Amino acid sequence: MLDAHRTAQAIADTTPANLESAGAALVEVDGRHVGELVSIPESKLAGKKWAGVQFARADLTRSALRLLDDGEVWVPGEATVGRVPLCPLAELGEIGPDRRRLVDGFERTTSQTAYPMVEGHDTEQRKSLVCIPDAYLSPLVTPKGGQRPGYGEHLWQQAGRLLVAERLWLETNRVIAMRTHTRVLSNVWWPVKIEEIAHEKALAVWLNSGLGLLTLLAQRTSTRGGWVGMKKADLEQLPVLDVRAITPQQLQAMSQLFDDVAEEEFERLPAMADCVARRRLDDGLTAILGLPDLDGLRRLLASEPVVTNRGL
DNA sequence: TCCGAAGTAAGCGCACCTGT
DNA sequence: ACAGGTGCGCTTACTTCGGA
């Protein structure tokens, strides 16, 4: 167990590295590397409530802020930088109802209804970019919580085929976004209602790439350490690849990349550095968008304490 | 037609539950 | 004990109502 006072002393004695330059100011206690200090201009933090404190490594903070700021793709150790068009997720689709709403509008059933849902996070079942509904909802004739009759159908209007984790256990999670062939609601995934299938597929690719993961982790709300949640308001503002701003050929290629990788099994996040499926996804993305190799980024993300549930 | 009151919808967080 | 999930009270924001 680290002594809090001595850690504080070590922090006070260390001169932080500058965000805009390179390098890391290591904080050491008894010769152990316990963290890194980085100073960030206040102007960089405007509107990004957790920016700067989400990652233990200064280089990930740099990558995240540069990406979130203006779509600059900087991978530690890579000589060239790339650029991607980003926009808030809410501009591309509508995010569905909070799980609390389902309790008021439906009851769950195993018998088939017209209202399928994706239930749960079981990492043995959520291994790839595609998933199939595994439970059904039945609208309550008399909704709970004082909602009016027909509340279930009302909620159903917000069902979607792109699913983004509403909360997840970073240590065991494999994919943070998936796509279903049919519209669904879910208890632990946010459904995102998007009209164009190519957009859905491209976003599923983006979100699971190293860059998507970096932005999502930067927006996360931590509760029990590696057990993190995504708030609806944060997800709406989450910068994602603006699929309207890339060329039709690029969009088509992203969609094809989704299909190519769709059935592959992803490793758990701490093993992402050497995960074959994730590497294919990243390599495909960088080839299509002309970006630097994301390998270094994937390695840093894989070793983040919040992902591994261990120290640096 | 103004404005506070009342009604309604939605999202968050906490306590607690459960299967391995 | 841990990974993962449930139930639901509560707050907040928006909408509608109704009386002067």
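Letters A, B, ... mirror the listed sequences (proteins, then strands); counts begin at 1. The structure displayed is predicted, hence computed values, not measured ones.
Sorted by first and then second residue, the salt bridge (charged side-chain N to carboxylate O under 4.0 Å, His left out) pairs with a member in residues 206-215 of chain A form an empty list; sequence neighbours excluded. Evaluation of the side chain to side chain donor-acceptor pair (under 3.5 Å) test over residues 72-88 of chain A, restricted to residues two or more places apart or in two chains, returns A/Arg66-A/Glu72. Pairs of residues two or more places apart, or lying in two chains, never qualify as salt bridge (charged side-chain N to carboxylate O under 4.0 Å, His left out) while including a residue from residues 248-258 of chain A. For residues 177-187 of chain A, the set of pairs meeting the salt bridge (charged side-chain N to carboxylate O under 4.0 Å, His left out) definition, not counting sequence neighbours, comprises A/Arg179-A/Glu200.
Between A/Arg126 atom CZ and C/dA3 atom P the separation is 19 Å, expressed in whole Å. Note: CH2 (A/Trp189) to P (C/dT6) measures 14 Å, nearest angstrom. Rounded to whole Å, the distance from CG on A/Leu102 to P on C/dG7 is 11 Å.
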Tabulated below should be each protein N or O lying under 3.5 Å from an N or O of nucleotides 9-13 of chain B; please produce it.
from   : atom 1 : to       : atom 2 : distance (Å)
B/dA9  : OP1    : A/Arg148 : NE     : 3.1
B/dA9  : OP2    : A/Gln147 : OE1    : 2.9
B/dA10 : OP1    : A/His154 : NE2    : 3.0
B/dA10 : OP2    : A/Tyr151 : OH     : 2.9
B/dA10 : N7     : A/Arg101 : NH2    : 3.3
B/dG11 : OP1    : A/Lys232 : NZ     : 2.3
B/dG11 : OP2    : A/Asp98  : N      : 3.3
B/dG11 : N7     : A/Arg101 : NE     : 3.3
B/dG11 : N7     : A/Arg101 : NH2    : 3.2
B/dG11 : O6     : A/Arg101 : NH2    : 3.1
B/dC12 : OP1    : A/Lys232 : N      : 3.4
B/dG13 : OP2    : A/Lys231 : NZ     : 3.3
B/dG13 : O6     : A/Arg99  : NH2    : 3.2

Filtered N/O pairs between nucleotides 18-20 of chain B and protein, under 3.5 Å:
none

Dump the pairs, protein N or O against N or O of nucleotides 12-14 of chain C, anything under 3.5 Å, distances to one decimal.
none

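Listed by chain and number, the hydrophobic cluster partners of A/Tyr136 come to none, as no ILVMFWY side chain reaches under 4.5 Å of it. Counting Ile, Leu, Val, Met, Phe, Trp and Tyr side chains that sit under 4.5 Å apart, directly or through other members, A/Trp156 shares a hydrophobic cluster with A/Leu102, A/Phe106, A/Tyr115, A/Met117, A/Leu137, A/Tyr151, A/Leu155, A/Leu185.
Under the rule for a salt bridge (Lys or Arg N to Asp or Glu O under 4.0 Å), the partners of A/Asp134 that lie at least two apart in sequence or sit in another chain are A/Arg126. Looking at residues two or more places apart in sequence or on another chain, you find no salt bridge (Lys or Arg N to Asp or Glu O under 4.0 Å) involving A/Asp293.
A rotation axis mapping the C1' atoms of four pairs onto the next four is fitted at both ends of the helix from B/dT1-C/dA20 to B/dT20-C/dA1 over five pairs, and the angle between these axes is 30° to 10 degrees.
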